[in-house]
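Both counts, for ligands and for their atoms, begin at 1 and track the order of listing. Residues: numbered from 1 along the sequence shown.
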Amino acid sequence: MDRSNPHLQTFQERGFPHADYPTGWFQVGWSDAFARGQVVAETYFGQDLVLYRTDPDDANAAGRIVALDAYCPHMGAHLAYGGSVEGDCLRCPYHGWSWDDAGRNAEIPYGERGSVNASTRSWPVREVSGIVFLWHAADGSAPSWDPPRMPEADAADFYRPYPWATHREPMHMHPQFAAENFPDLAHMRYVHRWAEIPEISLWQEDGPVLQVDYDGLVTTPKGPVRVATANTAYGVGLNVNRVLHGLRSTTLGAFTPIDQTRSEGFITVWVAKRDKDSTEPDGLARGIAAANTRELFGPDADRRVWEHQRYREHPLAVGYEARYTRAFRTWTRQFYPEPALISTGSS
Ligand code: FES
Ligand SMILES: [Fe+2]
């Protein structure tokens, strides 16, 4: 394997000191993408998973989304390839054994046993504000905080973003790269073409939630415009950016580890309506969603840096940057409960 290609290197080969994936809520999709009875194969946190929406008419299941380890405990069939939803259960395509939303064997459709005391792992899933979140904890512990609720999702003066203002794509990067980008002020000038390096007006840590507000001059075709943004990180996988001036928009950037080389990137943009009665996004709203998506996924924006970046455990940092970088990494340590695996020094 060509190890000089950073796309083939693991996070640790790129200098990241933690072997375990971070703890927290991570996006795995959008509610509207899961039709009734839909069964999909996904890989996150190095695990092959099956996600399905239970029967909305079933009194117990109520249309919840369930995530299970993908391989049937019986003979190892992948439950997403041919599995079918019945109530809150998923029936294996190979021999028809049925598994409930907690991953327990619910039925063996032949023989005398009825069922066995066996299970496949069930992962905590929550649907909030049209986003599907999966909880990961390296030690298997239950969720200790809630995924974010987006007021824009329920507000009549914002367009519903799915599908036109959403995008997903795998990237060769650890979510920490995107997380650290979020309070990175200088890069706003050099990557996002702000006219000046913005200034932080608020830094507020509250357990797994970090609020960082900043404002500055943004270059536009009509000249520089002052923009104020409010930014909230929920763990290392979820970043919310709110533009508060002019036409308001709120962007959720989410990065979910796939394996030790890639993360799935998700973007969702809620754009305010100029006309409250409008139901279809106008050209300006579409333009804002496309521009925000380009800033994350475009070939000449953050992505170009992240996909080729080395993690500097001891970055060179000057002035205020040193203070914020240190504060940010101290805050993110809570999402990596195991001790750092390796010390990479400053090389
Ligand atoms: S492999 Fe799933 S029922 Fe046999
Ligand atoms: Fe950025």
Numbering as shown, the atoms of ligand 1 that approach [X] to under 4.0 Å (heavy-atom distance):
{"X": "Met75", "result": "1 (S)"}
{"X": "Trp97", "result": "3 (S)"}
{"X": "Ala77", "result": "1 (S)"}

How large, to 10°, is the angle at the Fe ion (ligand 2) when you draw lines to NE2 on His187 and to OD2 on Asp302?
140°

Between the main-chain N or O of Gly207 and the side-chain N or O of Gln334, is there a donor-acceptor pair closer than 3.5 Å?
yes

Regarding [X] and [Y], do their side chains bring together a donor and an acceptor under 3.5 Å, going by distance alone?
{"X": "Gln27", "Y": "Thr256", "value": "no"}
{"X": "Asn105", "Y": "His74", "value": "no"}
{"X": "Glu152", "Y": "Thr250", "value": "yes"}

How large, to 10°, is the angle at atom 2 (Fe) of ligand 1 when you draw lines to SG on Cys72 and to SG on Cys92?
110°

Short N/O/S contact of Met188 with the Fe ion (ligand 2) (below 2.8 Å)
no

Just need the protein heavy atom nearest to atom 4 (Fe) of ligand 1, so name the residue and atom and give the distance.
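Nearest protein contact, heavy atoms only, for atom 4 (Fe) of ligand 1 is His95 ND1, 2.0 Å.
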
So that I can tick it off, tell me whether Glu169 and Arg262 are bridged by a salt bridge, with the cut-off set at under 4.0 angstrom between side-chain N and carboxylate O.
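Looking at Arg262 and Glu169, the cut-off is not met.
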
